[in-house]
Amino acid sequence: MNKNEKFVITINREVGTGGHTIGRLLAEKLGVKYCDKAVIDGLTREFGLTPERIEEIKAQKKSWWKDINNYYQTLVNSTSLPMEAEVKLDNAIMFETEKRILQELATQTSCVVAGRTGFMVFREWPNHLNIFIQASLEHRIQRIMQHQKVTEQEAREIIEKMDTTRETYIKKYEDTSRYDTRNYQLVVSADGKTEEEIADFILQYIG
């Protein structure tokens, strides 16, 4: 990946590895946009986005991303997502909507994308880096217990549920596994490292 040209960095991660925080830190250090599922959901609700609606907006207004971009700033700077509009989409439409939003973002500016679909959406993108962050079960349990204030058993249940859900989601749309390292250019273990240290390590890798 060449960071001197427009680029996309995707971060897929196991729950309990701090991947969300790492992605945000990395974007801040690189001075680029950050996007995750929460941001996509917020944009979808605010603008009533579906694949068809995105195409309508683009046809009506060439600078359509400017409006979305302005609203994006309120999302990344707020702790709670606004609920001006409610858009109920089935999984297939939501997947396509996420894909369209992410690709439109990437055509506008360099960005870091954290979430389950990023490595699939940008697999053939010309200047990208796909990263997978993993960790031992013990590390993941301890981090979830600390951050979510739950018991060890509850942390185990969260991990089992999220691992199954995310893997099922990937397999629904692609003939691959998120654990297949061939999907990534960089795989990082979070064991024994802080989120800041991992973000700095990725920066060193990029060069």
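These numbers come from the heavy atoms of this one structure, side chains and all, not from hydrogens, waters or symmetry mates. Just so it is clear, the model here is predicted, and its values are computed rather than measured.
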I would like to know whether Leu129 and Phe7 meet side-chain contact (heavy atoms from CB on, under 4.5 Å); could you show each step before the answer?
-> CA-CA 8 Å; Leu129 174 65; Phe7 63 81; over 6 Å; no
Start with the C-alpha distance between Lys171 and Ser177, add both sets of side-chain angles, then the distance that settles side-chain contact (heavy atoms from CB on, under 4.5 Å), and finish with yes or no.
-> CA-CA 7 Å; Lys171 288 185 176 296; Ser177 166; 4.1 Å; yes
Criterion side-chain contact (heavy atoms from CB on, under 4.5 Å) on Ile144 and Val150, from CA distance to verdict = CA-CA 7 Å; Ile144 290 175; Val150 296; 4.0 Å; yes
Test salt bridge (charged side-chain N to carboxylate O under 4.0 Å, His left out) on Arg140 and Asp163 and set out the steps.
-> CA-CA 12 Å; Arg140 299 167 69 193; Asp163 283 354; 2.7 Å; yes
Could you please spell out the steps behind the side-chain contact (heavy atoms from CB on, under 4.5 Å) verdict for Tyr184 and Thr10?
-> CA-CA 9 Å; Tyr184 313 99; Thr10 74; 5.6 Å; no
Tell me, with the steps shown, if Glu28 and Arg24 meet salt bridge (charged side-chain N to carboxylate O under 4.0 Å, His left out).
-> CA-CA 6 Å; Glu28 290 175 358; Arg24 188 177 292 275; 5.4 Å; no
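Residues Gln153 and Glu157 have side chains that bring a donor and an acceptor to within less than 3.5 angstrom of each other. Residues Ser189 and Gln134 have side chains that never bring a donor and an acceptor to within less than 3.5 angstrom of each other. For the residue pair Thr151 / Glu154, a side-chain donor-acceptor distance below 3.5 Å is found, with atom types taken as modelled.
Using a distance-only test at 3.5 Å, with no hydrogens or angles considered, a donor-acceptor pair links the side chain of Glu197 to the main chain of Thr194. In terms of modelled atom types and a separation under 3.5 Å, the side chain of Asn130 and the main chain of Asn183 share a donor-acceptor contact. Side chain of Thr165 to backbone of Lys161: a donor-acceptor contact under 3.5 angstrom is found. Although no hydrogens or angles enter the test, the distance criterion places a donor-acceptor pair under 3.5 Å between the side chain of His128 and the main chain of Trp125.
Residue Gly115 comes nearest to Asn12 through the heavy atom pair O-OD1, 4.1 Å, listed as atom of the first residue, atom of the second, then distance. Of all the heavy atoms in Ala106 and Val8, the pair that sits closest is CB-CG2, 3.5 Å. What you find for Ile11 and Gly23 is that their closest heavy atoms are CD1-CA, 3.5 Å. Pairing each heavy atom of Phe132 with each of Glu14, the nearest pair is CZ-CG, 3.8 Å. Contact between Ala190 and Ile133 at its shortest, heavy atoms only, is CB-CG2, 4.2 Å. Shortest non-hydrogen contact noted between Leu105 and Cys35 is CD2-CB, 3.8 Å.
Paired with Leu186 under the rule side chain to side chain contact (heavy atoms under 4.5 Å, CB included), one option of Thr181, Ile131, Ile206 passes, and it is Ile131.
Note that CG of Asp36 is 5.0 Å distant from NE2 of His20, once rounded to the nearest 0.5 Å. Glu152 contributes atom CD, which lies 7.0 Å from atom CD of Gln142 (distance to the nearest 0.5 angstrom). We find the CG-CG distance between Leu25 and Leu30 to be 11.0 Å, quoted to the nearest 0.5 Å. Between atom CD of residue Glu5 and atom NZ of residue Lys3 there is a gap of 13.0 Å, rounded to the nearest 0.5 Å. Between the CD atom of Glu160 and the OG1 atom of Thr164 there is a distance of 5.5 Å, given to the nearest 0.5 Å. Rounding to the nearest 0.5 angstrom, the gap separating the CD1 atom in Ile198 from the OH atom in Tyr205 is 15.5 Å.
With a 4.5 Å cut-off on side-chain heavy atoms, Leu137 and Ile159 count as touching. Side-chain atoms of Ile9 and Val113, non-hydrogen and from C-beta on, never get closer than 4.5 Å to each other.
When the side chains of ILVMFWY residues are joined at heavy-atom separations under 4.5 Å, either directly or via intervening members, Met162 and Tyr179 end up in two distinct hydrophobic clusters. Clustering ILVMFWY residues whenever any of their side-chain heavy atoms sit less than 4.5 angstrom apart, transitively, puts Val15 in a cluster other than the one holding Ile22. Cluster annotation: Tyr34 and Phe201 are assigned to the same hydrophobic cluster (Ile/Leu/Val/Met/Phe/Trp/Tyr, side-chain heavy-atom contacts under 4.5 Å, transitive). Residues Met120 and Val187 share a hydrophobic cluster, clusters being chains of Ile/Leu/Val/Met/Phe/Trp/Tyr side chains in contact below 4.5 Å.
Between Arg143 and Glu195 there is a salt bridge, with a side-chain nitrogen of the basic residue lying less than 4.0 Å from a carboxylate oxygen of the acidic one.
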